[in-house]
Every structure is written in structure tokens, then in C-alpha cells.
There are 2 protein chains.
Amino acid sequence: MRSGPNAVAMSTTFPELFDRFSAALLPAETPDATILRFRSIARAIRLDSHGHAEFDPKAEQLAFVCVGSAKLVARASGGREQVVSFHFAGELACVPGGALHAYSIEALTPCELLAFPVGEFLDLARSEPAILSEVCDRVMVALHRASEKSVALGRKTAQERVCSFLVGMTERIGVRQGNGFAMRLPMSRRDIADALGLTNETISRQFAELRMSGIIETSGRSLVTVPDIGSLRDLGGYMQLPERNAA
Amino acid sequence: MRSGPNAVAMSTTFPELFDRFSAALLPAETPDATILRFRSIARAIRLDSHGHAEFDPKAEQLAFVCVGSAKLVARASGGREQVVSFHFAGELACVPGGALHAYSIEALTPCELLAFPVGEFLDLARSEPAILSEVCDRVMVALHRASEKSVALGRKTAQERVCSFLVGMTERIGVRQGNGFAMRLPMSRRDIADALGLTNETISRQFAELRMSGIIETSGRSLVTVPDIGSLRDLGGYMQLPERNAA
DNA sequence: CGGCGACTTGAGGGACGTCAAGGGGCGTGG
DNA sequence: CCACGCCCCTTGACGTCCCTCAAGTCGCCG
């Protein structure tokens, strides 16, 4: 592992970081010996805002986000970047190894991670089925998000992609505000563009249109409020699910 | 689960199907009682070519492909289809549940599957860490493929997408032929288009260009030969990995 | 061998990218 | 606390790649 120029020393101690990981993924009955082995293969990564962590391209990693938020980025030829996923505190990111693109994790806000080589991690997890099960669940959630994202990237218009994105973010980090939701997006327009396969200009234009239609309101660069999540969902290009009425 | 109009009775018996699943995913030391429980939650699905299987949209499924090849399809509004992944015999497909798009599995060739409700499957797997570990590995492979695909859908030109696709297919189903590889693609141009976020016309045009440049040769509708996989990879828009020379 | 459907090829249009310039939020320093 | 300035965001004009629509050909199965 190699940290970028913005890697920086921060406040949280390693034991504190490990405790957050442990609380989220290791069941209470995990033997101390096993916990210690996990500790021994965990590497702390502390990133300032926009700091990045590169990994050995041949070795797949599991990265647990202890504090802050980050993006998993893939690089293609010609300096093109694709944001594969956004991750918030408490989530697990899978950084592929041996792939045809170069992956890295970049901090959206000051961010602290624990990185594990996936091979050793799974070897340890095998001794505790509950851990393996939890990891399996989380990886499947990531796979489902990736599948839903494929539909957006492959078949949706710019407006639908932006609306889908906002629906997803509202569900993940939105806080209730009256009848609607509000959220502070930690990522830039450019990050959103790189996640949706668009350009920052197109994101700006779509945001402007959504503002005009009253679908969203914005304040400053990062605060977005959604008065009616239903209207946003209607613009997301989703399949009309028959049980929508029943719900 | 609900099978489409092309679902059809075929030759392989349920025990034979289950044996293929068992050989691939259940370790030799699995207790008979556990194996029987897996049998009891497995549902056989036999599909004629182009037959499709719809599942309860709320219940996530794991589908093991015993025989043939299939595609996992997501549907968005307006009849738009996105092929999320292709699957060949011996592979495991995750069919999302509770999603905002409608998923189904459709046969590319006559195809036999075993479908498991994911909750019950993982409950059983928890008793055998080796099974959980194998499933976890396979899901992570699927996630990596999805991540690589995000880059293609989000940031690559039509030619790069087609070349990436052919590189991937060559690795999965190509057979050595002289210095190159040959393969019989079981999916139509339209299927490829739906997987790459393009149209069948664009696929045709890209195939034509690759034929002109001597990068590929085709014979009939489905046979493709790749004289030099390196040239194809060079056109895939991949990151130039530094260790490429070392390999 | 005949017909259907998938594939191919062409012409034209549209959604989003590219390039460019101006405005404003937000952090910094005085 | 306020002023400054960087950089992100916004907005406009134009270009382009791929989609759409259409017609014709060919492979594959009966």
C-alpha cells in the first residue's frame, strides 16, 4: 500500500479505529485470539480530504471505512476516471486486484480506513462463520448496487441518472426535514459526473433543471433538499413495480 | 418463481442437476444432512433457448447454472433492458430482490438452473464455513466484473466496449487456435448491445471495423476468432499497467 | 430449398461532450 | 470579523459520437 501526497496523521488511534471495525463486523462471541489476528493484518490509512490510497494492483483489498467518506475510483487509459462507488463510515469497500484498470480509494472528507488483504482476511473469517456471513451480506449489497448502477450507466438519460443518484443518496445519508429530506453531499459535481458517466457541466445543467422544476433545492455547493422524494423517484427511469400501490 | 412461455421440460433429472451444484459448491466433507437441506430448498428451472424465468421481485435469489448459458437482465421504464451479466455452466448468478428495477434470467442456449432463496441458502451455508467461503469468493468475482464493467459503461467509446467485451469472452469461453483463440458466442448482437449500453447497429458496425482491421475474424453469426489477443486488449481502453512488461 | 429473423449498411438527427468565459462559495489571512 | 482569492460551479455555443429510422442481405432451421 502506498499513500498519496495528502495522506496525513490524524487524531484517532489505531485501537479506536479497530474497535469501530470490530463492532461492525466481528460478533460479540469472537475469540480474543481471532480478534488479535485480525488486528495483526489490519493497516490503518488516514487520509486528508482528497487524499488518496493506492494499493498493490495485484492484491485485492477489503477496506473498512471507520471515519469520513470516500470513493472507490478506477482509472482507464487517457486519464479517464470512473467512480465505482461511494462509501460512508461503517461501510466495507472491495478494491479489486489483478484487474485491467487501476483502482484507488480517495477521501471525500478527512477519512480513516482499515485495509485488509482479502486472502488473509477470508482465511481468518473462515474460523468464524458469523463474520464470513456478514462479509458475504455486505459484498452482495455492493453487487446489487453495482447491478442497479449498470442499468443507469447503460440505459438511462442524464436526467434519469442524476435523479437515481439523488434517490440513492437520500436513502443513504438523507435526514428527514418536514415532508422531505435534506443532505450534505460530500462529493463534488465532478465526482458525481465520474460516478454517472457524465461531465461536471452536464451535472450542473441537470441540477439547474431540477431546481427550476422544484424537484430539488440547493444551498451552497453541497446542501441539497428534496421536498418530495416521490417526484424524484418518478424521474429516475425505474421500472414501475406493481406492488408500488400496495406499499 | 414464474417461468416464461419458453420454459420447457428437458432431459437432465433433478438429482443430476443437484450433483453438478454439489460438486461445484459443497465441499466433500459436507454432512449428508446439510446436503439434504440444500436439496430441499433448491428449485430446478429448465429453459428452452430464449426462455425466461421471473422471480418474486421482493426475494433475492442465487441461481446456479448447471447446463447451458444465460443472461441476467434488468428492466427499466420504457421497455429498456440492460444485461447485467452473462453466465455459463458452473457459475453462480445473484438475482437482486427488492430493487428498483425488475430482474430476470433468460436463457441464451437451452439451460438448466437451480435457484435458491438467498436467505435460506445463507442460513444453511453458515453451518459450513467452506461453503460460505466459496460463495463469498464467487460473489466477489461477480462484484469485480461489475466494477470493470462500470468503467466500460461510464467512460469508454463503443469500440473500447466491444473490445473489452471480446477480451472478457475470450478469457471465459475462448479455445486456443494456433497463436490465437476462437469462440462461439451464444448471445445475439442485441444481447451484446444490451450488455454494453449500445444498440445492435452499433455492435454490427464495430464488428465490421474490427474485421476490416484484421483484429477479429467472424464466420456465420456466432463464431469469432481472435488471431492476436494483444491487439484486442490494446484497443480495450485499459490502464497501461506498469507490470505488463514484467509479466 | 424457402422463409423468417438476425445481421448489415446507410443517412440523418439528437443528447451529451468539449471548449470557453464568467460568477460565487468557502477557506485563508490579515 | 471582513476582505481576498482560488477553484468549483454555472452557463453558453458548438461539435461529435452514437441513436433512430429505414432498407437490404444473409445465415440458419424447418
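Letters A, B, ... are given to chains in the order of the sequence lines, protein chains preceding strands, and every chain is numbered from 1.
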A:Val162 vs A:Glu209, side-chain contact (heavy atoms from CB on, under 4.5 Å): CA-CA, chis, key distance, verdict: CA-CA 11 Å; A:Val162 170; A:Glu209 269 193 36; over 6 Å; no
Side-chain H-bond candidate by donor/acceptor type, B:Ser85 with B:Arg145, under 3.5 Å: no
Minimum heavy-atom distance A:Leu108-A:Ser49, with the two atoms named: O-OG, 3.1 Å
Residues B:Lys149 and A:Ser150: side-chain donor-acceptor under 3.5 angstrom: no
A:Val226 versus A:Thr170, closest heavy-atom pair with distance: CG2-OG1, 3.9 Å
Axis-to-axis angle between the two ends of the helix from C:dC1-D:dG30 to C:dG30-D:dC1 (five base pairs per end, rounded to 10 degrees): 60°
Positions of residues 201-208 of chain B (non-hydrogen atom under 4.0 Å from DNA chain C), listed by number: B:Glu201, B:Ser204, B:Arg205, B:Ala208
Flag side-chain contact, heavy atom, 4.5 Å: A:Leu114 against A:Phe14: yes
Under 3.5 Å: donor-acceptor pair, side chain of B:Ser147, backbone of B:Leu143: yes
Residues forming a salt bridge (charged side-chain N to carboxylate O under 4.0 Å, His left out) with A:Glu217, sequence neighbours excluded: none
Short side-chain to backbone donor-acceptor contact, B:Ser77 and A:Gly237, under 3.5 Å: yes
For DNA chain D, the residues among residues 152-170 of chain B that have a non-hydrogen atom under 4.0 Å from it: B:Thr157, B:Ala158
Outermost nucleotides of DNA chain D that come under 4.0 Å of a non-hydrogen atom of chain A: D:dC7 to D:dA13
Flag for B:Tyr103-A:Glu148: side-chain donor and acceptor within less than 3.5 Å: yes
Contacts of type side-chain contact (heavy atoms from CB on, under 4.5 Å), residue A:Ser104, not counting sequence neighbours: A:Glu54, A:Val73, A:Arg75, A:Glu106
Side chains of A:Met187 and A:Phe165 in contact at under 4.5 Å (non-hydrogen atoms): yes
B/S/- contact track for nucleotides 23-29 of chain C, protein heavy atom under 4.0 Å: -BBS---
DNA chain C contacts made by residues 72-84 of chain A, counting heavy atoms under 4.0 Å: none
Flag, side chain of A:Arg172 to backbone of A:Phe86, donor-acceptor distance under 3.5 Å: yes
A:Gln206 side-chain N/O to A:Ile203 backbone N/O, donor-acceptor pair under 3.5 Å: no
A:Asp228 and A:Ser231: side chain donor to acceptor below 3.5 Å: yes
Residue pairs involving residues 219-238 of chain A (criterion ring-ring contact (aromatic ring centres under 6.0 Å, His included); sequence neighbours excluded): A:Tyr238-B:His101
Heavy-atom check, side chain of A:Val167 versus side chain of A:Glu171, under 4.5 Å: yes
Donor-acceptor pairs under 3.5 Å, side chain of residues 188-197 of chain A to any protein atom, not counting sequence neighbours: which ones?
unit_1	atom_1	unit_2	atom_2	d
A:Ser188	OG	A:Arg190	N	3.3
A:Ser188	OG	A:Asp191	N	3.1
A:Ser188	OG	A:Asp191	OD2	3.3
A:Arg189	NH1	A:Arg221	O	3.2
A:Arg189	NH2	A:Arg221	O	3.2
A:Arg190	NE	A:Asp194	OD2	3.4
A:Asp191	OD1	A:Lys71	NZ	2.6
A:Asp191	OD2	A:Ser188	N	3.2
A:Asp194	OD1	B:Arg155	NH2	2.9

Residues in contact with DNA chain D, drawn from residues 188-198 of chain A - heavy-atom cutoff 4.0 Å: A:Ser188, A:Arg189, A:Arg190
Taking only distance into account, with no hydrogens and no angle test, what donor-acceptor pairs under 3.5 Å do side-chain atoms of residues 177-185 of chain B form with protein atoms, sequence neighbours excluded?
unit_1	atom_1	unit_2	atom_2	d
B:Arg184	NH1	B:Ser222	OG	3.1

Side chain B:Thr109, main chain B:Ser69, donor-acceptor under 3.5 Å: yes
